[in-house]
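Within every chain, numbering begins at 1; the chains are lettered A, B, ... in the order of the sequence lines, protein sequences first and strands thereafter.
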Amino acid sequence: MPRQPARVIWTPPAPSVRAVQPGAVSGATRAILSAGVPRIADAASPKDDAIGLLKLAAEVEHALLVQYLYAASSINPDASPASKRARDTVTAIAIQEMGHLLGVQNLLLALGGTSLHHLGRDGMRAASERNPLPLALEPISHGALAKFVTVERPAEIADKTLREVVERLGKEAEQSSGFSPHPVSALYLAIYWIFQPTDAPFGQLPLADPNLRRGWHLTPADFARPDEIDQFATGSAEWGGHPGLLVATVKDSASGCDALFAIMAQGEGVPGDEESSHFESFLDVLKAFDANQVATLGLCRTPRVNDQPVSEDPHATVLTNPYADAWGRLFNVRYTHLVLSIGHACSLRVDDADRPALIDAARLMMRPGLTVLMRLLGKLDADAPGGPKAGPPFGLLDDTLPSDAVGYWNRHRALFDDEAACVAAIRARPEHGADAAGRLLLQQLAGADQPLIDLVAAHP
Amino acid sequence: MKYAIYPPIGLARIGNSPTEFFIGPERRGSRGTQIDGAGTETEVTSFKDAAFRLKPQAARFTIFEIPDAGPPHPAQFPTGTTIKWTVHAVNKKDAIDRPRNPPPTPMKPMIKPGREDRIIDSQLQSISGPSASPVALSGTYQDVNVALGQLRTDAAQRLLVIGAPGTSASPNNAPIGGSFYNNADWYDDVADGPVTAEVMLPQGPSPAIAPAWVVVGPPDFAPASGGVVTLYDVILEVAREEGWTALPEQPFFVDDIRPMIERARNLRFVNNFATWPLISGDFAALADPSPAAKPLREETALLVRSVEDQLHDFQLREWQRQYLDQWVAGNFDPGAAPDFGVAATMTRAVLDGSVGQGFFPGIEAGIIVTDPSLYAMPFDFRFDHSKIEPGDVTALMALPWQADFLKCSGAWWPTQRPDVAPQDNGARPPWLRPSMNHKRLVADVMRLGVITPARDQQGNEIGIERGRDPQLS
């Protein structure tokens with residue numbers, strides 16, 4: 001029987017919150033002020049609390065990743081250089097969220113090994129009340145960008161004009177969605193507090209807040225042995241070292257706090273940072289969008305096939321065009337398989353020959369696998385001709401990771417069977433005969449899958 | 001009579017072989033040439049020397065005469081003529097005000113006050129006469145001498161600009177790896193700048209010679225494959241958009257379509273995506289404009305276009321898209337374009353050796369080349385030297401270039417920085433192996449292999465890794 005996800009409780013914001021060194025980093029004060037402090041209900045120890053909150057963080061990162069990817073896929077890169085730039089920018093942010101998701105796996109690994117890895121998306125997060133955003137797949141728009149800016153915003157914005165703009169965007173986002181987006185850093189801040197060794201200010205983010213539980217910190221005994229961590233920790237080089245992909249190894253309080261700080265900094269930025277933050281990048285895209293420089297592909301909102309897990313978005317669009325439905329199902333299987341492959345790779349020792357093979361397979365599933373499918377779905381009607389286009393449904397068909405190697409290999413086999421059924425359904429559609437691009441795409445995907453098929457076959 | 005230096009933009013590359021070099025491609029299908037001791041020029045077959053060091057690439061410049069009618073042709077000067085070449089190479093990557101990310105639109109590099117001592121400036125260096133003794137291009141980064149390359153001339157007084165030895169360093173041991181793009185207090189030895197010539201005739205005044213530009217870029221570790229979009233394609237699109245040049249109404253298969261197909265197909269040597277092997281190499285069938293061959297054209301065009309989904313930050317130029325559409329429709333000439341002469345061929349071959357996508361920031365040159373204000377008129381791919389300064393073309397590229405090479409594996413610029421390295425036995429290990437951090441890559445990058453053109457037993461063109469230092473582990 002599946003274990004119930006841990007429950008998250010948010011302590012309301014304190015009346016007064018301060019950073020010990022104001023300006024040392026942005027984000028802390030306002031994040032707590034706006035969202036409060038999360039904790040895991042019934043956590044028996046700081047370690048339990050940290051593990052639960054890290055799993056929530058993994059789900060939040062995973063959800064943001066797909067929301068950003070969907071928004072990127074809704075931009076027409078061919079319309080103009082500015083439009084292409086906007087698509088590239090949002091895609092790059094999504095890839096960096098992937099780095100955050102992997103970084104959180106390393107934080108979990110440090111606290112208890114690979115069994116703690118968590119790549120789920122909808123278990124704890126959907127039930128947690130002050131998430132940054134509910135999961136809705138929105139095409140790029142002023143409203144969607146207002147939400148993204150609010151989620152990634154720093155606490156203290158020195159420039160008065162910019163501060164007013166950002167606060168107005170936050171209000172717009174709240175009015176349009178009926179939900180108040182919260183900075184994601186509120187969650188990381190609570191985790192940072194637990195990772196620091198004492199109540200005394202620590203590392204790059206000196207904190208003090210009455211709602212942060214005093215004396216509630218990890219001890220050296222809470223961490224796995226460094227040599228065990230080294231056997232499994234992942235890093236950006238394994239994943240191709242994409243620009244801005246931050247995946248740090250964590251072995252103790254100091255490296256844990258550094259990793260958490262880096263994730264927060266990449267989102268909202270810190271003074272002197274060499275690369276643009278997500279906040280700044282989303283603001284740039286918003287400016288371009290408001291200047292009518294970003295062309296869209298007319299995707300629907302939150303596409304879904306009718307038997308994928310229920311959407312959090314009350315405005316979700318069921319793909320009633322049978323051909324789009326068939327491709328959407330294939331997308332969901334391949335997306336689920338991608339998540340499984342990432343989890344499987346991270347569960348193996350770094351010197352296991354299957355690990356790089358699984359990482360290569362996962363990377364091929366991302367690019368070109370998902371990218372070409374996303375482009376194709378963006379050209380199919382969600383319903384009838386003339387209406388919105390379909391777009392990738394990002395249905396995660398299984399939120400869990402297997403507990404052992406046999407379970408992983410069997411799950412691969414099951415997903416390949418599912419994929420074969422989806423491909424057969426696509427080929428059976430009358431539209432497929434005239435769809436040269438679709439036929440080629442299936443050939444490309446089959447070729448891309450072959451190394452993983454061979455690998456799975458070697459593990460009967 | 002008018003004269004001009006060709007190519008208008010020459011492309012050299014760094015390399016650490018102190019004894020050997022090769023001349024970059026100057027005609028279609030060439031990967032470059034090498035000159036033996038007897039002066040005989042042959043197609044280059046190895047990009048490494050016997051000690052597994054990378055041969056630097058030389059850019060060769062020639063003075064062409066531009067007749068009132070007909071294409072430019074190599075100038076013939078009377079016996080006793082001396083040609084004096086002057087080059088000014090600059091690397092100012094660490095001296096400028098660098099944006100946090102590669103600029104999305106062209107921007108003029110501006111020196112950051114207080115960092116002037118980081119401008120590595122060769123000053124004006126000249127060389128004259130046939131087979132002249134080498135002249136060094138070098139400058140200083142703070143107090144450190146940095147070689148930026150070398151000038152030579154051949155027996156015909158053509159200029160050779162040979163790339164620098166490939167040294168990247170930080171005199172004060174600044175960290176590297178925080179960014180793929182910016183690593184302050186580091187330098188590398190790529191460079192760019194003007195190339196001018198003075199022709200001293202036995203009698204009479206020296207004629208005016210339109211100048212050229214040299215770019216000394218990072219190595220090309222995969223000459224077996226070429227960018228589907230090159231700097232030539234990018235600059236041609238600038239000219240087309242500005243109305244400086246009009247493309248033929250119909251594409252020519254040999255010159256306009258086949259290169260795109262071949263380059264996309266040859267990505268199979270450097271990247272594992274399943275798409276590239278699906279691209280047909282039956283060029284006779286692909287050149288068939290009949291309706292019967294349309295399905296093959298449609299399929300091939302889709303596969304070529306899929307490069308936009310499969311490589312990061314990648315877009316075909318609009319002229320390429322339009323020509324692909326026309327080709328699919330059968331509206332094309334199956335033959336070659338009219339011959340516009342050696343200068344035009346050389347101009348294209350040189351720039352086709354580069355990558356033109358995506359500019360994040362790119363390899364040899366970045367998005368600055370899309371700035372229309374930089375070009376001289378009438379347009380012939382030549383910079384207006386009053387609009388651009390030495391070092392501008394390379395200033396906003398990654399600092400050092402190895403930072404970008406490490407972080408940009410996986411479908412960024414596999415034609416220069418391969419993702420995989422095909423072996424004779426069919427294996428395809430990662431090109432970058434063993435796993436390296438930035439410091440290690442800076443130290444060992446020249447020891448890595450080169451994906452080199454070869455033939456399989458059936459005579460098909462393949463790309464195989466050659467020249468990897470066997471001691472590298």
Side-chain angles (χ1 to χ4, degrees), chain A residues 77-78 81-82 84-89 91-92 95 235-246 262 269 272-277 280-281 284 288 350 356 359-361 363-364 366-376 436-441 443-451, chain B residues 98-102 104-105 177-184 271-278 295 298-303 305-316 318 321 358 360-361 367 370 398 403-412 419-420 428-430 432 435-438:
Chain A
D78 300 334
K84 179 183 179 298
R85 198 157 56 246
R87 182 171 168 128
D88 291 344
T89 300
T91 302
I95 291 170
S236 66
E238 275 193 313
W239 297 93
H242 191 282
L245 195 70
L246 301 175
D273 195 7
E274 291 287 2
E275 292 173 15
S276 296
S277 68
E280 293 164 319
S281 298
D284 287 342
V350 292
I359 288 174
D360 283 348
R363 291 179 63 193
L364 285 171
M366 288 185 248
R367 180 182 288 270
L370 288 192
T371 53
V372 292
L373 270 173
M374 286 163 71
R375 184 172 285 239
L376 181 137
R439 289 200 310 277
L440 272 178
L441 199 156
Q443 270 186 277
Q444 290 172 258
L445 294 179
D449 284 345
Q450 197 56 51
Chain B
R98 295 179 67 86
R100 289 193 289 184
N101 288 312
T105 53
S179 165
F180 72 99
Y181 184 58
N182 289 322
N183 290 280
N271 177 272
N272 270 346
F273 289 176
T275 303
W276 322 126
L278 295 175
E298 279 180 329
E299 177 178 300
T300 305
L302 280 168
L303 290 167
R305 283 199 169 118
S306 74
V307 71
E308 295 186 319
D309 291 322
Q310 307 203 25
L311 301 187
H312 289 281
D313 207 22
F314 204 98
Q315 271 190 312
L316 295 175
E318 189 55 33
R321 290 179 181 164
F360 197 71
I367 202 160
T370 64
D404 203 21
F405 258 51
L406 187 69
K407 291 229 165 60
C408 287
S409 73
W412 279 89
D419 295 328
V420 295
R428 294 171 69 88
L432 180 55
S435 180
M436 297 184 188
N437 61 20
H438 285 87

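At a 4.5 Å heavy-atom cutoff, the contact between B:Phe314 and chain A is made by backbone atoms alone. B:Arg321 touches chain A through its side chain: at least one heavy atom from C-beta onward sits under 4.5 Å away, while N, CA, C and O do not. Residue contact with chain B, scored on non-hydrogen atoms closer than 4.5 Å, involves the backbone and the side chain of A:Asp78 alike. For A:Leu373, no part sits under 4.5 Å from any heavy atom of chain B, backbone or side chain. Looking at B:Leu406, only its backbone comes within 4.5 Å of chain A, counting heavy atoms on both sides. When heavy atoms are compared at a cutoff of 4.5 Å, B:Leu311 approaches chain A solely by way of its backbone atoms N, CA, C and O. Contacts of A:Arg367 with chain B are made by both backbone and side-chain atoms, with heavy-atom separations under 4.5 Å. At a 4.5 Å heavy-atom cutoff, the contact between B:Gln310 and chain A is made by backbone and side-chain atoms alike. Contacts of B:Thr275 with chain A are made by both backbone and side-chain atoms, with heavy-atom separations under 4.5 Å.
Ranked by heavy-atom pairs shorter than 4.5 Å toward chain B, the options A:Ala82, A:Pro356, A:Ser236, A:Pro368 are led by A:Pro368. Your options are A:Leu440, A:Leu441, A:Thr371, and the one with the most heavy-atom pairs under 4.5 Å with chain B is A:Leu440. Note on A:Gln443, A:Lys84, A:Arg439, A:Glu238: by heavy-atom pairs under 4.5 Å with chain B, the leading option is A:Lys84.
Screening B:Phe405, B:Phe180, B:Phe360 for a side-chain contact (heavy atoms from CB on, under 4.5 Å) involving B:Trp412 leaves a single residue, B:Phe360.
The closest donor-acceptor contact from the side chain of A:Thr91 to the backbone of A:Arg87 lies under 3.5 Å. Under a 3.5 Å cut-off, the side chain of B:Asn182 and the backbone N or O of B:Pro99 do form a donor-acceptor pair. Although no hydrogens or angles enter the test, the distance criterion places no donor-acceptor pair under 3.5 Å between the side chain of A:Arg375 and the main chain of B:Ser306. A donor-acceptor contact shorter than 3.5 Å is absent between the side chain of B:Glu299 and the backbone of A:Ala436.
Distance check: B:Leu303 CG to B:Glu298 CD gives 12.0 Å after rounding to the nearest 0.5 Å.
Under the side chain to side chain contact (heavy atoms under 4.5 Å, CB included) criterion, A:Asp449 pairs with A:Arg334, A:Phe416, A:Glu419, A:Ile453, not counting sequence neighbours. Evaluation of the ring pair (Phe, Tyr, Trp, His ring centres under 6.0 Å) rule for B:Phe273 yields no partner, not counting sequence neighbours.
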